[in-house]
Number of protein chains: 2
Amino acid sequence: MKKKITIYDIAEKLELTAATVSRALNNNPKISEKTRKLVQETAIEMNYEQNTLARALKSGKSFNVGVIVPRMDSNFFASVIRGIEEELYPKGYHVIVCQTHDQENLETGNIVSLLNAQVDGILMSISNSKTKNKVFNKLSEKRVPLIFFDRKRDIPDVSSVTIDDFNGSYQATKHLIEQGCKRIAHLSNDRSLEIFKNRYLGYKQAIIDSGLEFDENLVVETISKVDEGRRVAKQLLNMETPPDAIFSSSDFTALGAIQEIKEQGLAIPEDISVVGFSNEPFTRFMELSITSVDQSPIEMGRRAAKVFLQEVNSKSKTKQPQRIILQPELIIRKSSSKRIK
Amino acid sequence: MKKKITIYDIAEKLELTAATVSRALNNNPKISEKTRKLVQETAIEMNYEQNTLARALKSGKSFNVGVIVPRMDSNFFASVIRGIEEELYPKGYHVIVCQTHDQENLETGNIVSLLNAQVDGILMSISNSKTKNKVFNKLSEKRVPLIFFDRKRDIPDVSSVTIDDFNGSYQATKHLIEQGCKRIAHLSNDRSLEIFKNRYLGYKQAIIDSGLEFDENLVVETISKVDEGRRVAKQLLNMETPPDAIFSSSDFTALGAIQEIKEQGLAIPEDISVVGFSNEPFTRFMELSITSVDQSPIEMGRRAAKVFLQEVNSKSKTKQPQRIILQPELIIRKSSSKRIK
DNA sequence: TTGTAGGCGTTATCAT
DNA sequence: ATGATAACGCCTACAA
């Protein structure tokens, strides 16, 4: 193993002290322009590379941030992460991504692991499970900034970046009503999570505002998987008066529903219209493209990262948590529009 | 900020030395069972948490490994990463994921960053770009294990875990021939990457072995995007004698091709059969399910992680690089089978 | 079995 | 402007 070059090596060569070298390298003001240049040039010449571990040990900052998502193979989360990277890389941070697969033990485990890895902050989208608030308290005890994105929980002093799920849902439902749909079903999801609760409420409100009858039987709870979408669609279609539209809180269940509807020989959107949520790429690529709600994930990631940077750089004891809410956009496609063919 | 508990604190309380505490905590044999227990209990009691940075600084191991992929929002790469995690988490490692987006500057940049973060190893799938071997040499200089998975480059002493792309391609093409196809086009990709070269070669060999005429005009190079698939499919369909089958080296271009074929009013698989590569979930979920080649990504990830563990734990100077080749599996679906409906 | 002491590479606080 | 020195928290010869 090649000997690692340290600031001592370059100090020795230049007949200086490690302290001086350190200052020169860090652009400390208390140093002459001449030595600064000399040191920096020699550093490059000698192939010096800073030992980040040592710096982290000394400064207490690792320049790593943890990102925790339920899964990273969905375009939505992958894009959020991309946004975070774009904002944080230029500032010298690294991004460690962990997946929870919606399992509580993995979620708490990941937090502990990241804490153990001395991350300077954690950006996360909480999973369906009921992770104890205790873990989060640990973070605040340690003064490690925690920022929620998309799936948040209401914790005092914790910032979050979300979209206006209520409004996205409201728009989507309104759109279906404008298309002439009267009995609109809603594929919901674990409503202990705010996003799904709000999507449900937006849907409900749009129906009530339009003077249609709100029927609780048309709301079914499921999880965000294609097969689950199929299963609950089958249930709905078996009703005495089946729905003439389905608004799903997930693109994946919307896809499953579409499969089932087609299999039963019904036409989309003529017999039943379908709208999803998240604007996953496949909604655009399907032969029958799917109307969906775009959540501007990259922007969401960037904003969350910015909040982190603010918090980590602020000295003040009393933090003013931020609650940023982005506006979603309804993307109308074939699955719900009798006009677009 | 709550004062961090260190081994000194617990040593003080127990009227011992930090050295003893360290030994007790690390299950060093040279210690009495009694003090070991005592120390460990007090550690828990005092809420002691090891400072991994300090340990890393001292031991030279960070227990972080870097994973570099072109992108993480494809099911294939996400699953490989999952496999890596499954193998490495139990061993106490963390996984830092970086994306290159097939850009050379990001690729080299990521390697440098990870190196900077003192990772104990790097598992990567190289991008399309022509990353200089120089960067890789740097890794071997530093004795940081490098393991390629899926997309590799032939570098002496570097281990790799790949699938038998030639065979996967050969099987897929054979299957199309058995279905009665005579003019089989191939959507290729950057053949400076081994995987795409081998997929091309497997395709070619299957055609030759079956006594069909190999026509170079039926091979078009593209990149793995849906829209690109559409574009080149259009080209192919415009030929004087268009193909009666398309074997794509990517599921995404296969999807684009299918869209174009349908748009032109042709029937799949009756007029044209289509086969993709990677077994992305959407190939199963499409209304017209797509035949594809499964690459067992989770297994690939696990194997790559195992190779890393071996290399990082081996003391020997002379490393014997491993070249593991997994066997792919052809999954036959509607897009290529006149029997499955 | 336990303690002592030195070092991992850096930065920060003195003093010069 | 620069040097000397201590400290960050941990590990590990070596000595006792």
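In what follows, chains are A, B, ... by sequence order, proteins preceding strands, each numbered from 1. Heavy-atom basis, side chains included; hydrogens, waters and symmetry copies ignored. Here the structure is a predicted model, which is why all the values come from computation and not from measurement.
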Using a cutoff of under 3.5 Å, can you pull out all pairs of nitrogen or oxygen atoms linking the protein to nucleotides 12-16 of chain D, with atom names and distances?
{"from": "D/dA13", "atom 1": "N6", "to": "B/R23", "atom 2": "NH1", "distance (Å)": "3.4"}

- Message: Run the side-chain contact (heavy atoms from CB on, under 4.5 Å) test on A/N110 and B/Y89 for me, step by step, so that the C-alpha distance in whole Å, both residues' side-chain angles and the decisive distance to 0.1 Å come before the verdict.
- Response: CA-CA 10 Å; A/N110 279 331; B/Y89 278 171; 4.1 Å; yes
- Item | Interatomic distance, A/I44 atom CD1 to A/E49 atom CD [nearest 0.5 angstrom] |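 A/I44 atom CD1 to A/E49 atom CD measures 11.5 Å (nearest 0.5 Å).
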- Message: Does B/L16 reach a base, just sugar-phosphate, or nothing at all? Heavy atoms under 4.0 Å.
- Response: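 Sugar-phosphate contact only.
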- Message: For a quick check of understanding: with a heavy-atom distance under 4.0 Å over all strands, which category does A/I31 fall into, base, sugar-phosphate or nothing?
- Response: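 Since only primed, P, OP1 and OP2 atoms lie under 4.0 Å of A/I31, the category is sugar-phosphate.
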Can you see if the side chain of [X] gets near the phosphate of [N] - specifically, an N or O under 4.0 Å from OP1 or OP2?
X      : N     : result
A/S32  : D/dT2 : yes
A/Y8   : D/dA4 : no
B/T17  : C/dG3 : yes
A/Q118 : D/dG9 : no

Take the protein atom [atom1] of [X] and the nucleotide atom [atom2] of [N], then report the distance between them rounded to whole Å.
X     : N      : atom1 : atom2 : result
A/E15 : D/dT2  : CD    : P     : 14 Å
A/Y48 : C/dG9  : OH    : P     : 10 Å
B/N27 : D/dC11 : CG    : C1'   : 15 Å
B/K61 : D/dC11 : NZ    : P     : 13 Å
A/I7  : C/dC8  : CD1   : P     : 12 Å
A/I10 : D/dT2  : CD1   : C1'   : 15 Å
B/L53 : D/dC10 : CG    : P     : 11 Å
B/D9  : D/dC8  : CG    : C1'   : 13 Å

- Task: State which residues pass side-chain contact (heavy atoms from CB on, under 4.5 Å) with B/N28; sequence neighbours excluded, sorted by chain then number.
- Result: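 For B/N28 the side-chain contact (heavy atoms from CB on, under 4.5 Å) partners, ignoring immediate neighbours, are B/R23, B/K30.
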- Would you mind telling me which of A/V39, A/D9, A/L25 makes a side chain to side chain contact (heavy atoms under 4.5 Å, CB included) with A/Y48?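 Answer after filtering A/V39, A/D9, A/L25: A/L25.
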- Would you call A/E299 and A/R303 a salt bridge, taking side-chain N to carboxylate O under 4.0 Å as the test?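 Yes.
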- Task: Heavy atoms only: give me the nearest B/D102-B/S127 pair and the separation to one decimal.
- Result: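 For B/D102 versus B/S127, the nearest heavy atoms are OD1-CB, 3.0 Å.
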- Can you tell which of A/R153, A/R151, A/K152 makes a side chain to side chain donor-acceptor pair (under 3.5 Å) with A/E194?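 Option passing the side chain to side chain donor-acceptor pair (under 3.5 Å) with A/E194: A/K152.
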